[in-house]
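Below is one structure, written out as structure tokens; comments come after it.
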Amino acid sequence: MSTTPANEPSFRDSVDMMFNRAAGLMDLPPGMMEKIRVANSTYIVRFGVKLRGEIMTFTGYRSVHSEHAEPVKGGIRYAMNVNQNEVEALAALMTYKCALVEVPFGGSKGGLCIDPTAWDEDELERITRRFAYELIKRDLIHPAQNVPAPDMGTGAREMAWIADAYKRIKNDDINARACVTGKPRNLGGIAGRVEATGRGVQYALQEFFRHKDDVEKAGMTGTLDGKRVIVQGLGNVGYHAAKFLEEEDGCTIIGIIERDGALVNEGGINVESVKQHIAETGGVTGFTGAEHVANGALVLENDCDILIPAALESTINLGNAERIKANLIIEAANGPVTAGADEILRKRGCVIIPDMYANAGGVTVSYFEWVKNLSHIRFGRMQRRHQESANNLLVDEIEAMTGKNFSPGKRDKMLQGPDELSLVRSGLDDTMRIAYQNMAEVWHAREHEGVDLRTAAFLISIDRVAQSYKSLGL
Ligand code: NAD
């Protein structure tokens with residue numbers, strides 16, 4: 001695996017450097033810039049849980065970056081290397097991300113230093129409930145103040161435990177379910193949340209390929225069809241992104257990088273089969289449909305059209321940036337390209353679709369889930385059948401006027417009223433399209449000043465956060 005060189009700035013410094021690059025192009029008072037840049041608070045908790053006959057102590061974090069909009073929002077990560085620096089960087093990215101995609105939340109992030117594979121399900125449940133309790137009693141989990149979601153190492157299962165822990169403590173809160181998003185459907189989750197971040201990556205690429213000039217800047221032509229893709233990390237985000245691109249957009253997945261090495265096959269690797277293999281064996285080793293490369297990080301440097309880092313931060317750094325050949329990188333993970341690597345890649349003409357936009361699908365659909373929980377009704381429930389009968393009338397009328405009938409498949413499609421999943425996908429697609437168009441407009445208008453997509457994204461979000469603070473009277 002690639003290690004980060006000693007001269008590489010920390011993740012938080014890297015985010016700050018990118019922020020400062022944009023801030024230098026803006027005409028905002030230095031005090032306002034500083035207020036936006038810094039994390040408002042970071043809570044560190046150490047708690048004990050009696051497990052396997054011993055008291056085990058765990059360290060957890062919840063950082064709140066900006067409260068210009070509330071609740072603040074951000075995932076909870078379970079990994080051994082979680083630390084203050086990392087959660088603060090991730091919380092800052094959440095602020096900018098929410099502002100960019102017009103989701104009305106401030107930024108937050110949490111993490112627990114734990115190897116989730118080292119504990120069984122019952123143990124993880126006890127640890128999670130105890131961590132949740134520590135955060136709930138300080139209002140760091142709260143439907144109106146701070147709403148976590150899944151991140152690396154956590155999923156719907158952990159969110160269900162957190163939601164239940166909150167409900168038990170605050171059983172008079174009618175909006176209790178809105179205290180966390182990414183829940184299972186039967187506990188107030190929303191259709192399409194599990195796939196949302198990967199789906200957002202797909203929609204982001206689809207929108208990018210609608211902009212011919214931008215595609216040419218990345219040294220490509222045409223559509224997504226036939227593009228050669230390498231993905232790092234086949235977890236929630238990487239799996240869904242790669243699967244949708246392969247199955248729906250005609251991309252060829254020529255490389256998959258995981259913890260235990262990488263798989264390469266120019267002819268294409270079936271994402272679903274690899275996922276199945278990982279589920280059965282715990283890794284990609286032994287998969288028969290591709291060549292296995294033991295030092296997986298080297299595959300980041302292989303020739304491809306689109307590189308999708310979807311695992312963890314700083315994987316493209318000063319140590320390997322010069323050798324990265326992809327002309328288009330979409331940052332599905334948070335912070336996979338360090339500030340130093342970003343500069344090297346930019347100079348070479350590589351187009352980077354930045355994390356704060358590329359992986360915003362998760363928080364966008366989390367926002368829909370939160371709204372659903374507060375409204376206590378499933379999206380589409382009121383209008384679906386109403387819409388269906390209106391469509392029926394229209395289709396009958398067209399058939400009567402033309403004397404021709406639609407084919408049964410088409411007719412069924414035309415009649416359908418929107419259900420929750422189609423509304424979620426439509427809202428997410430719209431969000432990803434509009435945010436890209438906003439970024440591209442700034443990119444094109446200010447390219448002569450060195451503005452790229454990332455700086456454009458920062459310019460938009462910093463401005464929006466500053467406007468909020470100004471309206472609040474700060
Ligand atoms: P996950 O835990 O589901 O998946 C991470 C995957 O990366 C796993 O398959 C893991 O084995 C692999 N991995 C870990 N270390 C690796 C390494 N050194 N090399 C190659 N592969 C490695 O996590 P996720 O939820 O998919 O999150 C991935 C990234 O996306 C993180 O940066 C996260 O912050 C970001 N993100 C996630 C969401 C979400 O909704 N889950 C939303 C926005 C951003």
Side-chain angles (χ1 to χ4, degrees), residues 1-4 11 15 73-82 86-87 89-91 93-94 96-98 101 103 107 109-111 114-117 148-159 181-182 189-190 192-201 204 230-243 255-263 271 274-275 277-279 281-285 293-300 308-317 320 330-337 354-367 369 428:
M1 288 291 138
S2 78
T3 44
T4 316
F11 181 22
V15 173
K73 189 96 188 70
I76 290 186
R77 176 176 285 198
Y78 281 5
M80 280 311 284
N81 54 357
V82 163
E86 183 185 73
V87 288
L90 291 165
L93 281 175
M94 283 305 299
Y96 310 134
K97 187 181 304 184
C98 292
V101 294
V103 162
K109 200 79 180 190
I114 186 174
D115 172 3
T117 62
D151 194 69
M152 243 169 91
T154 58
R157 183 184 64 173
E158 287 73 16
M159 302 307 116
T181 58
I190 194 166
R193 174 60 184 91
V194 176
E195 64 171 49
T197 311
R199 184 66 78 183
V201 171
I230 295 178
V231 60
Q232 183 191 37
L234 211 65
N236 179 304
V237 180
Y239 160 68
H240 286 106
K243 180 183 159 77
I256 293 176
I257 309 166
E258 255 296 330
R259 286 177 208 264
D260 62 328
L263 298 172
V271 175
V274 179
K275 190 69 182 169
H277 183 83
I278 296 176
T281 68
V284 293
T285 312
V293 178
N295 185 352
L298 285 181
V299 172
L300 288 169
I308 311 182
L312 62 171
E313 54 264 16
S314 310
T315 54
I316 300 172
N317 50 52
N320 61 3
I330 176 155
E331 295 182 322
N334 282 308
V337 177
D355 47 7
M356 78 170 82
Y357 165 68
N359 65 36
V363 75
T364 302
V365 176
S366 275
Y367 167 46
E369 181 177 331
L428 175 59

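Worth saying up front: this structure is predicted, and the values here are computed from it rather than measured. All ligand and atom numbering here is 1-based and tracks the order in the structure.
Ligand 1 has Gly153 within reach: a non-hydrogen atom of the residue lies less than 4.0 Å from it. In this structure, Glu331 has no heavy atom closer than 4.0 Å to ligand 1. Under a 4.0 Å heavy-atom criterion, Arg77 is in contact with ligand 1.
Listed by atom number, the atoms of ligand 1 under 4.0 Å from Ile257 heavy atoms are 20 (C), 21 (N). The ligand atoms of ligand 1 that sit less than 4.0 angstrom from a heavy atom of Ala311 are 7 (O), 13 (N), 21 (N), 22 (C), 28 (C), 29 (C), 31 (C), 32 (O). Atom numbering of ligand 1 starts at 1 in the shown order; those under 4.0 Å from a heavy atom of Ala332 are 30 (O). The atoms of ligand 1 that sit less than 4.0 Å from any heavy atom of Asn359 are 43 (C), 44 (C). Taking a cut-off of under 4.0 Å to the non-hydrogen atoms of Leu312, the atoms of ligand 1 that pass are 15 (N), 16 (C), 17 (C), 18 (N). Each of the atoms 9 (O) of ligand 1 lies under 4.0 Å from some heavy atom of Leu234. Contact atoms of ligand 1 toward Ala310: 28 (C), 29 (C) (distance under 4.0 Å to a heavy atom of the residue).
For ligand 1, one of its N or O atoms has an N or O atom of Asn334 under 3.5 Å away. Taking any N or O of Thr197, backbone or side chain, at least one lies under 3.5 Å from an N or O belonging to ligand 1. Residue-to-ligand polar distances keep Ala333 apart from ligand 1: every N/O pair is separated by 3.5 Å or more.
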* To do: Go through the steps for Ile278 and Glu258 under the test side chain to side chain contact (heavy atoms under 4.5 Å, CB included), then give the verdict.
  => CA-CA 10 Å; Ile278 296 176; Glu258 255 296 330; 4.0 Å; yes

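When Arg259, Lys275, Met356 are checked for heavy-atom proximity to atom 13 (N) of ligand 1, Arg259 turns out nearest. Here the shortest heavy-atom distance to atom 24 (P) of ligand 1, taken over Val237, Leu300, Val363, Val299, belongs to Val237. One option in Glu86, His240, Glu195, Glu258 has a heavy atom closer to atom 10 (C) of ligand 1 than any other, and that option is Glu258. Of all the listed residues (Gly75, Pro150, Ala262, Gly235), Gly235 holds the heavy atom that lies closest to atom 6 (C) of ligand 1.
Remark: Thr197 pairs with Arg193, Val237, Asn359 by the side chain to side chain contact (heavy atoms under 4.5 Å, CB included) rule, at least two apart or across chains. Shown here are the salt bridge (charged side-chain N to carboxylate O under 4.0 Å, His left out) partners of Arg199, two or more places apart in sequence or in another chain: Glu195, Glu248.
Among all heavy-atom pairs drawn from Thr285 and His277, the shortest one is O-NE2, 2.8 Å. Summarising the geometry of Lys97 relative to Ala360, their closest heavy-atom pair is CG-CB, 3.7 Å, with the distance given to 0.1 Å. Residue Ala358 comes nearest to Glu331 through the heavy atom pair CB-O, 3.4 Å, listed as atom of the first residue, atom of the second, then distance.
Between Arg77 and Glu313 a salt bridge is recorded (basic side-chain N to carboxylate O distance below 4.0 Å).
Within the 4.5 Å cutoff, the side chain of Asp115 has no heavy atoms near those of the Tyr78 side chain.
Listed for the Lys73 side chain is no donor-acceptor partner under 3.5 Å among the backbone atoms of Met94. A donor-acceptor pair under 3.5 Å links the side-chain atoms of Lys275 to the main chain of Leu234, judged by distance alone.
Once rounded to the nearest 0.5 Å, the distance linking CD1 of Ile76 with CG of Asp151 reads 9.5 Å.
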